[in-house]
Student: 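This is the structure I have questions about; it appears just below.
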Amino acid sequence: MSFPLLTATAVVPAVGAIVTAAVPAARRTAAKWLALLFSLVTLVLAVVVLVRFDPDGARYQLTESHSWIAEFGVRYELGVDGIGAVMVALTALLVPFVILAGWNDADPQETGNSRWRPTQGFFALILMVEAMVVLSFEATDVFLFYILFEAMLIPMYFLIGGFGDRAHQGTDANAAAQRSYAAVKFLLYNLVGGLIMLAAVIGLYVVAGSFSLSEIADARASGSLDMATNTERLLFLGFFFAFAIKAPLWPLHTWLPNAMGEATAPVAVLITAVVDKVGTFAMLRFCLQLFPNASEWATPVIVVLALVSIVYGALVAVGQRDIKRLVAYASISHFGFIVLGIFAMTSQGQSGATLYMVNHGISTAALMLVAGFLISRRGSRLIADYGGVQKVAPVLAGTFLIGGLATLSLPGLAPFVSEFLVLVGTFSRYPVAGIIATSGIVLAALYTLVLYQRTMTGPVKEEVRSMPDLRPRELAVVAPLIALLLFLGVYPKPVTEIVNPAVEHTLSDVQKKDPRPEVEAK
C-alpha cells in the first residue's frame, strides 16, 4: 500500500492541534514553536504533493479510497487535480506566516487563573482550520466534502469570537459584544448555506445513487445518469448558494467585514486568504462538474452578481475609515473577479480565476499582516489616526505600499497576471461584462493610494512619532510574501502549467470551447 500522502497533509496539522492544545499553561512559547513546526511539516508535504503531481497525467492523482459509511455509500475518497494541488500548497504556505504574525496575539493578559491557556488554544484552532481546509481541497466524495465544509466553521467561530483585535479591546468597552456579534453572524450565514447544501447533497444521492464525484461524473458522461432539467437546476442552486456565502459573493457578503474587522489580523488572513477560497474552489469542482447544464443556465445571473461584487466592494472600500474593513471590502471586489472568471466559461477566465485565488491569498496576506503590525503599534484601526508613518518606519511603510500595489494589480506583481487573464477571458465571451469589470481596477487604485496617502504620508502625527519599524520576526513574515508577489508577477508559469489541464477538464465538463476571434490571425 502506497503512503497516503494526501491524508498526511491533513493529519499532521490535526495532530499538531491536539499536541499544541495539550501543552501546559506555563509553556506558551513551546506551544508556539510546536504549532510552527507542525505547520512547516505540512508545508513540506504540500510541496511533495506538487512535485509528485503530473499535469499531463490523470485528472485526479494521489488518490485514496476507503469505505466509510457503507450503508449510505459514503466513502473516504481523496484526490487532487491541478487546482486542488495548488490550493493545498497555498494553504500550507500561508499558515506558517499566520502563526508567526500572531506570535503574541493570544498571550494572556493579567489573570489570576494559572490554568488559562489562550495561547495554546489559539494556535491549536489555527492548525485545526488548516487540517479541514486542506482535506476539503482533496475530498472527492461529496458527503465527505460537506462534513469538512461545515466542520471548519467551529474553530473559525472561536477564533473570531474568542480572540479579538486587542487594539479594539483597549479602546472600546463593547468590543467583546462586537466580536461575539461578528462570530455569530459568520456562523449563522454559513450554517444556513450549509443546511441548504445538505438538502442538495441528499437530493444528489437520491438521483445519482452515489456520493463519489468520479462515479457521478462518469455516469453523466456515459449517459446512464440523466437528471431532469428542473432537478439539476435546484440541486445546482443548493450547492451554489452555500459556496456563494463562503466566497463571499454579493449580496451574501455582509458577514465578511464584521468578521475581518473584529478578528486579529492573522485570523482575518485565515478567513479571506484560506477559508473563503473553499467557496470559489468548490464552484469549479462541484458546481461545474456535477451540474454542467444548470451552470450554463445560471451563468448570466452569476456574471451580473460578480460584476456587482466587483463594483460595490470597491466603491464601499473607497469610503471606509477602518483599515481592516477596507481590506475586507476590497476582498469582496476581488472575489467578484474570481467568480467572473469561473463563469466566463473560457480557458483564460478559469485559469485566471484559479491564479487569482493564489495571488489574492498572497497579496491579501501581505497587506493585512503589515496592517496588523501597524495597528498593534498605534492601537487604532482608524485611518484618520495615522499620518507620516513612512518618515518614522520606512520599512513598514514600504512593505505596506507593495502589498497595496499588489492589491490594485500593478503590472509586475502577481495579481496583475490573474486579473488580466480574467478580463481577457470575460471579454472574449461577454464584452460588456469585461468592460464593466475594468472599473474595479480604477476604483482599486483609488482606495489603495488614498489609504497609503492618509496613513503613511504627510506630517508626522504625535501618536506615531515613536513608532518602531518592522522587527526581525515581522520581516520574516512579510519578506517571503513580497518575494512571491514579485516572482509570480514576472513568472507565473509554475502555477499555470499545473492548473491549465484541470481547467481544460472543467470546460470539457460544461462542453464549452473558447470563442473564436472575430478577426483571424494571418
Side-chain angles (χ1 to χ4, degrees), residues 5-6 8-10 13 39 42-63 78-97 130 132-140 145 213 243 247 269 272-286 288-289 334-335 337-339 341-342 347-365 414-415 417-419 421-422 425 480-481 483-485 487-489 491-507:
L5 182 58
L6 297 186
T9 58
S39 70
T42 306
L43 176 58
V44 171
L45 291 173
V47 171
V48 174
V49 169
L50 276 181
V51 170
R52 291 189 58 185
F53 184 83
D54 180 10
D56 298 321
R59 180 171 188 173
Y60 293 107
Q61 300 178 30
L62 306 174
T63 55
L78 305 181
V80 288
D81 59 2
I83 300 171
V86 168
M87 296 311 298
V88 169
L90 173 68
T91 303
L93 171 71
L94 291 180
V95 169
F97 296 120
E130 179 182 24
M132 293 179 180
V133 171
V134 164
L135 206 56
S136 69
F137 290 137
E138 300 169 345
T140 56
F145 173 83
L213 184 65
F243 302 153
V269 169
T272 190
V274 176
V275 173
D276 287 355
K277 298 300 189 303
V278 176
T280 48
F281 167 82
M283 291 178 190
L284 282 164
R285 170 164 284 191
F286 296 101
L288 300 189
Q289 187 171 347
H334 296 149
F335 274 103
F337 276 106
I338 295 172
V339 175
I342 291 172
S347 59
Q348 300 98 329
Q350 291 190 357
S351 293
T354 305
L355 190 59
Y356 213 130
M357 286 191 271
V358 175
N359 293 336
H360 172 264
I362 299 170
S363 62
T364 298
V417 181
S418 45
E419 197 163 282
L421 285 172
V422 167
L481 294 174
L484 276 171
L485 289 174
F487 175 76
L488 292 177
Y491 191 63
K493 187 178 179 181
V495 179
T496 56
E497 271 190 338
I498 296 175
V499 304
N500 282 346
V503 166
E504 291 175 6
H505 284 296
T506 302
L507 288 176

Student: In terms of relative ring orientation, are F137 and F281 parallel, tilted or perpendicular, with 30° and 60° separating the classes?
Tutor: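 Perpendicular, since the angle between the ring planes exceeds 60°.
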Student: Any donor-acceptor pair under 3.5 Å linking the side chain of E138 with the backbone of L78?
Tutor: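 Here the side-chain-to-backbone pair does not exist.
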Student: For the residue pair Q289 and T506, establish whether any side-chain heavy-atom pair is separated by less than 4.5 Å.
Tutor: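 A side-chain contact is absent here, since even the closest heavy-atom pair is not under 4.5 Å.
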Student: Any chance you could measure S351, atom OG, to I83, atom CD1, to the nearest 0.5 Å?
Tutor: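 S351 OG to I83 CD1: 8.0 Å, rounded to 0.5 Å.
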Student: Between V49 and L6, does a side-chain contact (heavy atoms from CB on, under 4.5 Å) hold up when you go through it step by step?
Tutor: CA-CA 8 Å; V49 169; L6 297 186; 4.0 Å; yes
Student: Between Y491 and F487, how do the two ring planes meet: parallel, tilted or perpendicular, split at 30° and 60°?
Tutor: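 Answer is perpendicular, since the angle exceeds 60°.
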Student: Please report the C-alpha distance between L355 and T496 in whole Å, then the side-chain angles of each, then the deciding distance to 0.1 Å, and finally whether the side-chain contact (heavy atoms from CB on, under 4.5 Å) criterion is met.
Tutor: CA-CA 7 Å; L355 190 59; T496 56; 4.1 Å; yes
Student: Would you find a donor on one side and an acceptor on the other, under 3.5 Å apart, between the side chain of S418 and the backbone of P415?
Tutor: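 Yes, S418 side chain to P415 backbone: donor-acceptor pair under 3.5 Å.
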Student: Strictly under 6.0 Å, is that where the ring centroids of F337 and H360 end up?
Tutor: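 Centroid separation for F337 and H360: 6.0 Å or greater.
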Student: Is there a side-chain contact (heavy atoms from CB on, under 4.5 Å) between S347 and L507 once you walk through the steps?
Tutor: CA-CA 7 Å; S347 59; L507 288 176; 3.8 Å; yes
Student: Using 0.5 Å steps for rounding, measure from the CD1 atom of I362 to the CG atom of L94.
Tutor: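 One finds 6.5 Å between CD1 of I362 and CG of L94.
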Student: Find out whether V95 and T42 are in side-chain contact, i.e. whether some heavy atom of one side chain is under 4.5 Å from a heavy atom of the other.
Tutor: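 No - every pair of side-chain heavy atoms lies 4.5 Å or more apart.
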Student: Is it the case that E130 and S39 place a side-chain donor and acceptor less than 3.5 Å from each other?
Tutor: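 No, no side-chain donor-acceptor contact under 3.5 Å.
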Student: From the options V358, L43, V88, V47, select the one residue that forms a side chain to side chain contact (heavy atoms under 4.5 Å, CB included) with L93.
Tutor: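 Of the listed residues V358, L43, V88, V47, the side chain to side chain contact (heavy atoms under 4.5 Å, CB included) partner of L93 is L43.
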Student: Please check: side-chain N/O of R59 versus main-chain N/O of V80, any donor-acceptor pairing under 3.5 Å?
Tutor: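 Not confirmed, R59 side chain does not pair with V80 backbone.
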Student: Evaluate the side-chain proximity of F335 to Y356: yes if any heavy-atom separation is below 4.5 Å, no if none is.
Tutor: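 In short, these two side chains do not touch, never coming nearer than 4.5 Å.
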Student: Any non-hydrogen side-chain atom of I338 less than 4.5 Å from a side-chain atom of H334?
Tutor: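 With C-beta onward as the side chain, the pair stays apart.
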Student: Would you say E497's side chain and P494's backbone share a donor-acceptor pair under 3.5 angstrom?
Tutor: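 No, because the side chain of E497 does not come within donor-acceptor range (under 3.5 Å) of the backbone of P494.
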Student: When you measure from the side chain of N359 to the backbone of A414, do you find a donor-acceptor pair of N or O atoms at a distance under 3.5 Å?
Tutor: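 Yes: the side chain of N359 pairs with the backbone of A414.
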Student: Taking it one step at a time, do H505 and D81 satisfy side-chain contact (heavy atoms from CB on, under 4.5 Å)?
Tutor: CA-CA 10 Å; H505 284 296; D81 59 2; over 6 Å; no
Student: Spell out, as yes or no, whether a donor-acceptor pair under 3.5 Å connects the side chain of K277 to the backbone of M87.
Tutor: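 Checked: no pair found.
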